[in-house]
Amino acid sequence: MTADDSYGRLDDDDFPAYTMGRAAEMLGTTQGFLRAIGEARLITPLRSAGGHRRYSRYQLRIAARARELVDHGTPIEAACRIVILEDQLEEAQRINAEYLRVAGSANPASAA
């Protein structure tokens with residue numbers, strides 16, 4: 001990938017642009033916290049060619065939510081599970097809304 005190719009990825013939420021140190025700094029947490037949520041399988045950072053962890057903006061948002069829960073006294077394992085369940089619920093609600101939209105447009109008489 002050339003520098004020109006990577007500029008287009010700056011808006012990509014899934015592009016692993018942040019090192020572990022930078023990610024921890026941005027979240028105001030420690031690298032150990034990022035390792036812990038990785039071990040709990042909340043996020044799985046990509047690895048650079050040299051084996052260094054790289055995080056995306058999407059992963060940082062998830063980590064920030066987990067940190068918020070931990071800061072309020074939730075054990076890290078429970079916080080990770082809560083965030084996973086919240087994410088699954090959001091996805092299910094999105095799918096359900098799409099299903100209702102498609103079903104409603106396929107049968108406009110029942111919408112009245």
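These numbers come from the heavy atoms of this one structure, side chains and all, not from hydrogens, waters or symmetry mates.
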Handout entry: Which residues share a side chain to side chain contact (heavy atoms under 4.5 Å, CB included) with Q93, sequence neighbours left out
Key = L89

Problem - Flag side-chain contact, heavy atom, 4.5 Å: R53 against R47 - result: yes

Problem - Salt-bridge criterion met for R57 and D12 (N-O under 4.0 Å) - result: no

Handout entry: Spatial distance of atom CG (D87) from atom CZ (R61) [nearest 0.5 Å]
Key = 10.5 Å

Problem - Heavy-atom check, side chain of S56 versus side chain of F15, under 4.5 Å - result: no

Handout entry: Residue pair L34 / A24: nearest heavy atoms and the distance that separates them
Key = CD1-N, 3.6 Å

Handout entry: Side-chain touch R54/T19, heavy atoms, less than 4.5 angstrom
Key = yes

Handout entry: CA sep, side-chain torsions, deciding dist, call: V70, F33, side-chain contact (heavy atoms from CB on, under 4.5 Å)
Key = CA-CA 10 Å; V70 169; F33 175 80; 4.1 Å; yes

Handout entry: Heavy-atom side-chain contact between Y58 and I43 under 4.5 Å
Key = no

Handout entry: Check: M26 and L60 side chains under 4.5 Å, non-hydrogen atoms
Key = yes

Exercise for the section: Output yes when a side-chain donor or acceptor of S48 lies under 3.5 Å from a complementary backbone atom of H52, and no otherwise. Expected result: yes

Exercise for the section: Go through the steps to decide whether E90 and R94 satisfy the test side-chain contact (heavy atoms from CB on, under 4.5 Å), and finish with yes or no. Expected result: CA-CA 6 Å; E90 183 180 322; R94 186 194 62 74; 5.8 Å; no

Practice task
Find the distance between CD1 (I76) and CD (E39) and round it off to the nearest 0.5 Å.
Solution key: 9.0 Å

Handout entry: Reported CZ-to-CG distance for the pair R81 and L69, which is rounded to 0.5 angstrom
Key = 13.5 Å

Exercise for the section: Using modelled atom types only, decide if a donor and an acceptor are shared between the side chain of Q59 and the backbone of T44 within a distance under 3.5 Å. Expected result: yes

Handout entry: Note, E68 side chain near R65 side chain (heavy atom, < 4.5 Å)
Key = yes

Practice task
Mind listing the closest non-hydrogen atom pair of L27 and R67 along with its distance?
Solution key: O-NH1, 2.9 Å

Fill in the blank from the handout: What one should report as the nearest heavy-atom pair of A66 and I37 is CB-CG2, 4.5 Å

